[in-house]
Each structure stands twice: as C-alpha cells, then as structure tokens.
> 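One structure, pasted below without further comment.
Sequence lines set the chain letters: A, B, ... in the order given, protein chains first and strands last, and positions in each chain run from 1.
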Protein chains: 2
Amino acid sequence: MDDLAYVSTAQVSRALGVGVTTIKRWVDDGILPAHRTPGGHRKLLLADVLRLVRENDFPQLDLARLRPSLLSGSVLDETKLSRDLYAALRHGDASAARFLIESVDRGGLRAATLADAVIAPAMRRIGLEWEEGRIDVMHEHRATQICSESLYALKSHLLSQAVQERPVAVGGVPEGQLHALASQLVELVLLEGGWSPVNLGPNTPFSSFRKALTELRPRLLWLSIHRVEEPAAFLAAYRELYDDAHKSGIPVAIGGQGLTDDLRALMPYTTYGDGLSHLADFASSLHPRPRRRPRGRPHGT
Amino acid sequence: MDDLAYVSTAQVSRALGVGVTTIKRWVDDGILPAHRTPGGHRKLLLADVLRLVRENDFPQLDLARLRPSLLSGSVLDETKLSRDLYAALRHGDASAARFLIESVDRGGLRAATLADAVIAPAMRRIGLEWEEGRIDVMHEHRATQICSESLYALKSHLLSQAVQERPVAVGGVPEGQLHALASQLVELVLLEGGWSPVNLGPNTPFSSFRKALTELRPRLLWLSIHRVEEPAAFLAAYRELYDDAHKSGIPVAIGGQGLTDDLRALMPYTTYGDGLSHLADFASSLHPRPRRRPRGRPHGT
DNA sequence: AATAAATAGGACGATTTGGACGATTTGTTA
DNA sequence: TAACAAATCGTCCAAATCGTCCTATTTATT
C-alpha cells in the first residue's frame, strides 16, 4: 500500500489545472489510463499522466506537484544510478540527468550518498576521459553545467520543505579555484541536515571567509578544495582563517579531492576528505537534527 | 476553477476588450501561446497574456479583472523590482530574491527585460559598492550565488512548460573569465524564445566552442564577455572561431560589459552589447515566432 | 474615391467542462 | 476492531467553450 507511483484524481486535477470531474471523465473515456481499487477509486500511474501531458498538448500547471516516486518500488541502486547519470552527462541529456538526480530525493537517498556514490563517480569518470583525451573539454563543461543545474533544482526542492530556525553554515571554494560543484553538494548535504547554508561560491578570497565569520556568525565553516597550486601560501592563509574561526568557536570542515594526505597532515582540523558522508556526520554531531513523524490522514504529496 | 495560472479565452477577451473569436484566432495563429485540453478547450497561461499585452502596448487593458489576487496593486515596475532585488541581494535574503525573480515571469515580463532592467542594474550597483569598498567581496559573491540559484529555479520553471522540437543554441563564457551569470541570462532569453540552449559555462576554451559547432550543429552561437585581458589574443582567437562558425553558416552573437566599443569595431558580427533585448530580437529573427501580421493589402505583387 | 486583403466580432448548435449532491471508500487513531 | 474524518465515487445539470459561418471594420494600395 506504500506504492508512491500512484496519484489520485484530485492530485492530477490540481496539477493540470482542470476540474476533478473532468479527470474522472477522461479516465472513463480512456484518455487517461487508470487502475481501480476494489472499492472503485481511480488510481492513476504517474508515468501515464506525465507521458500523456508530454505527448499531447495538455495543460500543465505544476507537474512538480505530482512528486511521488516514479521508480515504482524498485530499490535505488547507487551504482546503477551513477552509471546512468554518467551516460546522461556524457551525451548531454539534461532532462535525463535532472530526472536521475531528482529521483534520488524521491527515493529517499541521503544527499551525502548522492554526492559520494552517484555524482562523484560519474564526474570523476568524465574527468578521466578528458585527461585521456577521449572527450573534449566541451563535454566536461557541458556535464558540469547540467549537473549544477540539476543540483539547483534539487536544492529548490529541498528548500520548499525546509523548516525555519536553522543554524547558519558558511562556505565556498577558496581563491584561484573554480570548481563550484563540490560546494553545491555541501550545500545540499547541510540543507538536508537542517542547516541554512550560505555558499559564497568559487574563487572566494580567504579574507572574505573571515569577513563572513564575523558578520554572519555561522556555526560551521566549510571549504571545498579542488586543487592547491601553492601549498605554502595556501597553508598560511588557511591557518589564519582557522585561527579566526577557532577564536570564535566555529568549527571548520574542509575537504575535496585537492586535499592530499601530505596537505592534510599539516592542517588543523576538521577534514572531510573521505567524502561528504563524513561531513554529514560531523555536521549532525554539531546540530542533531530533530526527526518528525507525519501525523493525520493527509497522505498527500 | 479558480486556479491561479490559467485563464480562459472569455476571461482574456473581457479583460482586453476584444471579442472571444479574436482571442481564439490569435491562439490558432500562434500569436498567443496556449495549451489544449483533450476536449479542445484552450488554456492560456496568464503570464503569456500579460507578455502579449505588455509588448503590443494595448490601448485598453482592464487586467485587474483577470486575476485580482495575482496582480493586486502590483503593477510590475521594473525599476522598483530592481531596487527590491538589490536590497534582497545586499542583505543575503535568498528567498526574497527568488520570489522577486519568479514574480517577473508571473507578471509577464520578458526574460530579456528581467536581464537588462532588473538583474543587471542590481548587480551593477553591488559591483559598484564593492569597488568603492563599501561592501566586501563576500557580499558580492553571496549576491551572485543567490542570483544564480534563483535563475536556475526560473529556468526550471520555464523548462517545464517548453515544447519539443527546438533549434539548438550553444554558448558560454570564454577562457579566463568566470562570470557565469550573464550566460545564464542568455540561456533564459533563448529558452523563452523557443530555443534549446546548451551552456558550456565559464572559462571555456575557444577550441571547445569550435568543437561544439561541429558536434552539436547549433543554429546559433553565443559568447558572454565580462572582461578582456589581452585584446590582441582575444581577437585572434575570436576571429578563428568566427570563421569556423561562418563557414558552417552559424551566426555568432557576442555581448557583455567587457565588449568595449574599441573592441567591437574590430570584430565581425553580431554583437548584443547593448543588452539582451538585442539578443532576443536577433535570435527571434533567426527562429521567428508568429507575430501579428501588418494589416491591409500586402506589399507588391 | 475605389478596391482588395486581412482582421474583428456576433450568432448558431454541438460539445466540453466543472460544481453540487448524497453515498461510499480509505487510512489513521483510539 | 470500531470510530471517524478526509477523500473519492457516480450522477445530474447549468454554464462555458468549441468550431463554423457570415458580416462589418480597418488598412494599404491603386
């Protein structure tokens, strides 16, 4: 009875902007396929609705309202997801990539898992192919853009069901570095963990992070490191920032593939170099997230 | 049905003071976009109607009649919007910014207007304050991130009601340049104009654009120029790209605040340096959407 | 002024839509 | 398991919309 792939007539009618009676008639006339419960209630397969809307020129108000999972019952397999995502990114299929990434949310996978087990492998593989000269930078850029866009869509989704009163976390990608994707993933992980992330984006000077510490008074600071050109200068600047944060009692989480073991050994705490799952755990140790149980009849969504 | 986004032909005809038949004809002629129910009833998006009204400068518009709740008092004023957006960005109020940017679409403003009259002034003002040292880079970065996020949300919205069969346009920001915002706005403008934009993002080598030309066979290439460090090298690389595109018969649109008059004078076609409205016009000349034809007897014969 | 082409708008029967109604089903809570 | 509230059912009917045909108006050319 937990099959989320089904939607009711009322849900569809709201999403398509027509009356409930009309939906019922469409089903009865065979325009919309539907199953019936023993009691006679119509159960529409979301996939059918979406297909008909796309194939014909149906009105469509807000299909996002029909959020429940499209993956009827099938267990989410991160490995397969990652492979599918890789294929979609490789061929520049934006809508497929977006669908896959959003399905992660619908399927109840954690954001940290999405990052570590789905997106990271896919992007790493694309990066590898680029280094081997099997694809152009163009493909890599296109993949990054599509990924970024899909992640923003997902964030928008998480944001819509977020509660108030969240501790602030500030972070970004230090100066000289452009890879914004990792920082976006951190945003998602923190958002899911009940935080209010403020992403300063790529190429942000260390001084700006320090400014943000005093002005925004976050309870966590994160840094994504993609590659370190000059370790000495980097370490010096980082230590200064770290001292600042330490004085204010603000923990620092730093990670990314640019964070080599050599580097890590020389840095004061706290790294999440082994993946965003580490960061998620660390963050939730700072701010244990209260769990809610949905109450009452409304099964809507 | 008092659902918010859709209106009927009769409602529009009353609000605009024209006959119902006329509205129907406009829809049938493609002047006014509309969806169809399976039964054949037209469903017009309020935003599309407002866009038409705004652009054709209707003499008598009783739009308050259409949706009092949506337009309550707020005659969309780009100047005010821009000021409000500036304030939201300045204070890091992401949800306010997102609301403002989405309200532009609800109110029927064109994407090009959003870019030229709302976002550009707000971001320019923030950039100015930064140069004058009145705010930190942090604020500028935060504003950019918030803007970017809101624009992605808007794009996602436009995408959900897009049709198939769109010509492809490819573009991005050339190497050495990081300001991705402008390219995002181009994406929106093209999307609204019926294109399928492929954004290669910031810091894309010229060679990649050329690769994209042969591989994706776009019908338009766009470049966003934020700042040119070495004009000579830039011009050389650009000319090479332009020649490639020209050979394939692909028009090139180039613009951005880095495109000074000096530079422009030395470049082969087609610039949109004066704003995205220019780009929108240019793009729609390549892929014309149905417009109101001039009345009377056609010229010549 | 006369003319042709294109748009505007009213009228018609036929079709579609959506709200209202009491009866029934469904999922959660006691 | 019983009780309950929310959601859905089927049916009926008024209102809205459809497509078509016909005529009036506007506009640019002759």
> Please check this pair: side chain of B/K155 against backbone of A/E149, looking for a donor-acceptor N/O pair closer than 3.5 Å.
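Judged by distance alone, no pair lies under 3.5 Å.
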
> Choose from C/dG18, D/dG10, C/dG9 the nucleotide whose nearest atom is closest to any side-chain atom of A/R42.
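For A/R42, the side-chain atoms sit closest to D/dG10.
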
> Taking the minimum atom-to-atom distance to the side chain of A/T21, which one of D/dG10, D/dC12, C/dG9 wins?
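Minimum distance to the A/T21 side chain belongs to D/dC12.
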
> Please state how far atom NZ in A/K24 lies from atom P in C/dT16, giving the value in whole angstrom units.
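In whole Å, C/dT16 P lies 18 Å from A/K24 NZ.
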
> Given that B/V20 and B/P38 both sit by DNA chain C, which one's nearest nucleotide is further toward the 5' end?
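By nearest-heavy-atom nucleotide position, the 5'-most residue is B/V20.
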
> How long is the line joining CG of A/D28 and C1' of D/dT11, in whole Å?
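Distance check: A/D28 CG to D/dT11 C1' gives 12 Å.
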
> Between B/G19 and B/G40, which has a closest nucleotide on DNA chain C that is more 5'?
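The answer here is B/G19.
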
> Scan B/S13 against the nucleic acid and name what it touches under 4.0 Å (heavy atoms): base, sugar-phosphate only, or nothing.
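No contact.
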
> Round to a whole Å and report the spacing from OH of A/Y6 to P of C/dT25.
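After rounding, the reported distance stands at 20 Å.
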
> Between D/dG10, D/dT8, C/dG9, spot the one nearest the side chain of A/A10, thanks.
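Nearest to the side-chain atoms of A/A10, counting from C-beta on, is D/dT8.
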
> From C/dT26, D/dT17, C/dT17, pick the nucleotide closest to the side chain of A/T37?
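Shortest atom-to-atom distance from the side chain points to C/dT26.
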
> Does B/E192 offer a backbone N or O that forms a donor-acceptor pair with the side chain of B/R110 under 3.5 Å?
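Not at all, since once roles are kept as given, no pair shorter than 3.5 Å links the two residues.
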
> For B/T9, answer base if it contacts any base atom (sugar-phosphate contacts may also be present), sugar-phosphate if it contacts only those atoms, and nothing otherwise; contact means non-hydrogen atoms under 4.0 Å.
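Contact class for B/T9: sugar-phosphate only.
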
> Can you tell me how far C1' of D/dC18 sits from NE2 of B/H41, to the nearest Å?
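So the two atoms are 5 Å apart, to the nearest Å.
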
> What integer distance in Å separates B/L44:CG from D/dT17:P?
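The distance from CG of B/L44 to P of D/dT17 comes to 10 Å, rounded to the nearest Å.
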
> To the nearest Å, how far apart are A/I31 CD1 and C/dT15 C1'?
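Rounded to the whole Å, the gap is 13 Å.
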
> Has A/W26 got a side-chain N or O lying under 4.0 Å from the OP1 or OP2 atom of C/dT17?
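A/W26 to C/dT17 OP1/OP2: side-chain N or O found under 4.0 Å.
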
> Taking atom types as they are modelled, would you say the side chain of A/R25 forms a donor-acceptor pair with the base of D/dG10 within the 3.5 Å cutoff?
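Result: no qualifying N/O pair found.
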
> What I want to check is whether an N or O donor and acceptor connect the side chain of B/T22 with the base of C/dG9 at under 3.5 Å.
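Answer is no: no donor-acceptor pair is held.
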
> Would you kindly give the NZ-to-P distance between B/K43 and D/dT17, to the nearest whole Å?
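Computing the B/K43:NZ to D/dT17:P distance gives 9 Å.
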
> Looking at A/D116 and A/S277, would you say the former's side chain and the latter's main chain have a donor-acceptor pair under 3.5 Å?
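Such a contact is found between A/D116 side chain and A/S277 backbone.
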
> Any side-chain to backbone donor/acceptor pair from A/S156 onto A/Y152? Under 3.5 Å, distance only.
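Side chain of A/S156 to backbone of A/Y152: no pair is present.
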
> Whole angstroms only, please: what is the CG-P distance between B/L16 and C/dT7?
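Rounding to the nearest Å, CG of B/L16 and P of C/dT7 are 18 Å apart.
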
> Looking at B/R36 and A/N56, would you say the former's side chain and the latter's main chain have a donor-acceptor pair under 3.5 Å?
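No, the answer is negative, given that no donor and acceptor are paired below the 3.5 Å cut-off.
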
